[in-house]
Amino acid sequence: MRTLIKHALAAAAPAESATVMGWIRTRRDSKDFSFLALNDGSCAANLQVVVDSNTSGFDELARFTTGASATVEGPLVASPAAGQKWEIHARRIELIGGSDPAYPLQKKGHTLEFLRTIAHLRPRSNLFGAVFRTRSALAFAVHRFFQERDFVCVHTPIITASDCEGAGEMFRVTSLKGDPDAKPEADFFAKPAYLTVSGQLEAETFACALSNVYTFGPTFRAENSNTARHAAEFWMIEPEMAFCDLQGDMDLGEAFLKAMAAYTLEHCAEDLAFFNRFVDPGTIDRLKFVVERPFLRLPYTEAVEILKSAGRTFEFPVAYGLNLQSEHERFLTEDHCKCPVTVFDYPREIKPFYMRLNDDEKTVRAMDVLVPGIGEVIGGSQREERLEALEASLRYHQLDPKDYWWYLDLRRFGTVPHAGFGLGFERLLMFLTGVSNIRDVIPFARTPGNAEF
RNA sequence: UCCAGAGUAGCUCAAUGGUAGAGCAAUCGGCUGUUAACCGAUGGGUUGUAGGUUCGAGCCCUACCUCUGGAGCCA
């Protein structure tokens, strides 16, 4: 029976026999014996295998090269040398799949750029093993966080026929050959269809029935964005709460980030230590900081005042009514506050139609959570629940209320104050691991001009 | 898409306009416990592509391609 290497390395006592399977990271030969470093991805560490002339399969040892897959059986014993607690003295080794000398993953360091060109092999590297084990753990933690708080998971549609979500360029979905706009009524859905850019509007309908809901699924943007923080396909988390205002929304967003940081510290310690050592030496401190310290909350107006009196010049101007630029967000969270900052109550003209208008009739109940290194990681708002105000807001943003008939119905039939936010899963992972490029926290990144794998 | 930078051996990088090199990897050999093992030897190149300047271009010029960083858009 196969033992995962993580379990073999966690053994409390020696074992007479253990069978492990994995891929060879290195082989170190002496005259009469060899060391194999075997990795099966169950943990970051390799298992050391000692092979000598008594081992069945010893005559095949030359084919046990870096990258090859193998089965190893033998007693698990305490290692006499430093570097590992346990090792296997192989009774039997068996090659499963040999590895060509052209195997591109060397024992020594590779650049992230090179590893992106071999995205099918990079999960076998230390860094990407750590990243994707952490991604899996965090995906579970996201569901656990919401389920423990009685949120209902809603699978909102990936294909949408409403082109009015207003969150950026969309990918067209069609089954027609040629120009899909020539005869849209002949298309599969009898109207133009797209890949979703947000599940928020649909999530609101479920919140106005099941109270607290969340989505966690793929999202698509056809923007020609070439940055370390954007991908054409990414995973988004969107909670939506009925009977909730902006304060409750900010409370949830901050609690969520704290919970994710705490989960990583508790359950991903080995991989986190790797990130802290090789990716960003501030990673563990940053997570502890997020867990322990309260977030700072700043009204937009106050944030603008801070930036104006910052005593330094920004490339982009600071004035009420202008969006905060990346450099402004980074100044607030990295230099001025030195902690995550939640900015709220933005001018209505720079925010979408669905956000609730404040009594001053100038600002809306929007909030952005800014974190050091990434900038905006959460964007959310209390939604406009008043029918007349929502219709007025649509007109203000020059949108046609007819296109939003079912969304307006929510305000017509038993409307309630409600609020929610959106958060990019990959950006969360970047913040938690210190990995600075979104292409390196998603298995196969889709970016403009790149969908090879 | 805009601005800047970079493309040289499988990888990471050198090379005043004048004979393209090193480390690692690979291949072969050595070594009685290694830890990115170590020691020795060998093979490895249309310098991103296409033009141009020059007696001579990896190096200078033009265009294009790709990648990286920053910006915009945003999550």
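Worth saying up front: this structure is predicted, and the values here are computed from it rather than measured. In what follows, chains are A, B, ... by sequence order, proteins preceding strands, each numbered from 1.
A heavy atom lying under 4.0 Å from RNA chain B marks the following residues of residues 436-453 of chain A, by number: A/Asn437, A/Ile438. In the region residues 333-347 of chain A, proximity to RNA chain B at under 4.0 angstrom, judged on heavy atoms, holds for none of the residues. RNA chain B lies under 4.0 Å from no heavy atom of any residue of residues 3-22 of chain A.
A/Lys107 and A/Arg25 get closest at one heavy-atom pair: CG-O, 4.1 Å. Across all their heavy atoms, A/Leu429 and A/Arg135 have their closest contact at CD1-CG, 3.5 Å. Shown here for A/Ala45 and A/Asn39, the closest heavy-atom pair between the two residues is O-ND2, 3.6 Å.
For residues 81-110 of chain A, the ring pair (Phe, Tyr, Trp, His ring centres under 6.0 Å) pairs, not counting sequence neighbours, are A/His110-A/Phe114.
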| query | How does RNA chain B read in dot-bracket, base by base from 5' to 3', with Watson-Crick or G-U pairs under 3.5 Å and | used when the partner is on another strand? | reply | (((((((..((((....[..)))).(((((.......))))).....(((((..]....))))))))))))....
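Distance, A/Ile118 CD1 to B/A25 P: 17 Å, rounded to whole Å. Between A/Ile350 atom CD1 and B/C74 atom C1' the separation is 13 Å, expressed in whole Å. Taking atom NE2 of residue A/His328 and atom C1' of nucleotide B/G72, one finds them 13 Å apart after rounding to whole Å.
Under the 6.0 Å cut-off for aromatic ring centres, A/Phe314 and A/Phe331 qualify, their centroids lying closer than that.
When heavy atoms are screened at a 4.0 angstrom cut-off, A/His110 is found touching the sugar-phosphate backbone but no base atom. Here A/Phe316 lies in heavy-atom contact (under 4.0 Å) with sugar-phosphate atoms only. Among the heavy atoms of the strands, none lies under 4.0 Å from A/Arg25. Heavy atoms of A/Ala231 sit under 4.0 angstrom from at least one base atom.
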For nucleotides 3-10 of chain B, give me every protein contact, N/O to N/O, under 3.5 Å, one pair per line with atom names.
unit_1, atom_1, unit_2, atom_2, d
B/G10, N2, A/Gln106, OE1, 3.3
B/G10, N2, A/Gln106, NE2, 2.4
B/G10, N3, A/Gln106, NE2, 3.3

Would you mind writing out the side-chain donor-acceptor pairs for residues 342-349 of chain A within the sub-3.5 Å range, not counting sequence neighbours?
unit_1, atom_1, unit_2, atom_2, d
A/Thr342, OG1, A/Glu254, OE2, 2.8
A/Asp345, OD1, A/Asn358, ND2, 3.0
A/Tyr346, OH, A/Asp368, OD2, 3.3

Donor-acceptor pairs are to be reported for all side-chain atoms of residues 136-148 of chain A against protein atoms at under 3.5 Å, with residues two or more places apart or in another chain.
unit_1, atom_1, unit_2, atom_2, d
A/His143, ND1, A/Tyr214, OH, 2.7
A/Gln147, NE2, A/Tyr214, OH, 2.9

| request: Any chance you could list the contact pattern along nucleotides 26-38 of chain B? Use B for base contacts, S for sugar-phosphate-only contacts and - for none, protein heavy atoms under 4.0 Å, 5' to 3'. | output: S----BSBBBBB-
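A/Phe425 pairs with exactly one of A/Val441, A/Ile442, A/Thr219, A/Ile237 by the side-chain contact (heavy atoms from CB on, under 4.5 Å) rule, that one being A/Ile237.
In terms of the side-chain contact (heavy atoms from CB on, under 4.5 Å) criterion, A/Asp59 has no residue partners (sequence neighbours excluded). Residues satisfying the side-chain contact (heavy atoms from CB on, under 4.5 Å) criterion with A/Val279, sequence neighbours excluded, are A/Leu127, A/Phe275, A/Val435. Applying the side-chain contact (heavy atoms from CB on, under 4.5 Å) test to A/Ser326 and every residue at least two apart in sequence or in another chain returns A/Arg229.
Contact annotation: A/Ser326 side-chain N/O to B/G72 OP1/OP2 distance is under 4.0 Å. Under 4.0 angstrom from either OP1 or OP2 of B/G70 there lies no side-chain N or O belonging to A/Arg229.
Relative ring orientation between A/Tyr404 and A/Tyr407 is described as perpendicular, the plane-to-plane angle rising above 60° on a 0-90° scale split at 30° and 60°.
Judged by a 6.0 Å distance limit and a 45° cone about the ring axis, A/Arg27 is not positioned over the six-membered ring of A/Phe64.
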